[in-house]
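Below is the structure I would like to discuss, written out as structure tokens.
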Amino acid sequence: MKYWLVKTEPTTYSIDDLKSDKTTCWDGVRNYQARNFMKDMQIGDQVFVYHSNAKEIGIVGLSKVSKLAYPDKTAFDKKDSHYDPKSKPEKPTWFMVDLKFAKKYKEIITLDKLREKKALSDMFILRKGNRLSVTPVAKKEFEAIEKII
DNA sequence: GCCAACGTTGGC
DNA sequence: GCCAACGTTGGC
């Protein structure tokens with residue numbers, strides 16, 4: 001069992017959208033490192049959902065991996081904003097996973113609260129200049145975050 | 001809306 | 001393969 005965190009802008013796709021959809025394909029990731037992390041995901045891995053570029057920034061909920069990495073079809077669609085001509089259906093560059101809604105926290109775990117925790121000082125998301133939309137979370141980090149709730 | 005950080009692109 | 005220019009991300 002591994003742990004992860006995905007970022008999303010709530011104006012694009014929020015935890016409430018995931019709650020009502022129940023399951024969604026996490027498409028549109030166009031960064032090699034983030035893609036590689038998605039390829040490492042296993043069914044049942046727990047994935048924090050983080051709202052960025054929002055009024056309230058932080059972890060808002062939890063989801064679980066429900067489908068292993070498979071080709072991101074939006075890369076093949078010329079009309080899609082994530083279209084990438086380099087990615088071919090017979091040799092896809094980009095992948096996505098399915099995420100299943102698990103829970104929405106009563107309160108957002110703000111970025112400030114995450115920074116307050118010593119156990120989280122090495123956390124990927126808190127490292128300066130980190131822009132990856134998919135990042136791993138260590139077991140002890142996951143447990144420390146669950147304790148905040 | 002600003003701007004630092006950083007990934008990507010393309011000329012050489 | 002280097003690196004300047006450019007675009008995007010994301011906190012503030």
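To find a chain, count down the sequence lines: A is the first, B the second, and so on, and within it residues start at 1.
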- Query: Between A:Lys118 and A:Arg115, is there a donor-acceptor pair closer than 3.5 Å when you use the side chain of the first and the backbone of the second?
  - Reply: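 Absent.
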**Asked** Base, sugar-phosphate, or nothing: which does A:Arg127 touch, judged by heavy atoms less than 4.0 Å apart?
**Response** nothing
Between A:Asp112 and A:Thr110, do the side chains contain a donor N or O and an acceptor N or O under 3.5 Å apart?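 On atom types as modelled, these side chains do not qualify, holding no pair under 3.5 Å.
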Roughly how far, to the nearest 0.5 Å, is the CD1 atom of A:Ile125 from the CG atom of A:Leu120?
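That separation rounds to 11.5 Å.
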Quiz item: Do A:Pro136 and A:Phe124 have side chains that get closer than 4.5 Å, going by heavy atoms?
Solution: yes
Next on the checklist: Can you tell me how the ring of A:Trp4 sits relative to the ring of A:Phe37, calling it parallel under 30°, perpendicular over 60° and tilted otherwise?
Outcome noted: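 Ring orientation, 0 to 90° scale: tilted.
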Pairs under 3.5 angstrom, nitrogen or oxygen only, protein versus nucleotides 5-7 of chain C, please.
none

For nucleotides 8-10 of chain B, give me every protein contact, N/O to N/O, under 3.5 Å, one pair per line with atom names.
none

For a 4.5 angstrom cut-off between non-hydrogen side-chain atoms, does A:Phe48 reach A:Val6? no
* To do: Establish, yes or no, whether the cationic atom of A:Lys88 lies under 6.0 Å from the six-membered ring centre of A:Phe76 and within 45° of the ring axis.
  =>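 Cation-pi check for A:Lys88 and A:Phe76: fails.
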inquiry  = Closer than 3.5 angstrom, by distance alone: can the side chain of A:His51 be matched with the main-chain N or O of A:Thr11 as a donor-acceptor pair?
reply    =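 Not at all, since once roles are kept as given, no pair shorter than 3.5 Å links the two residues.
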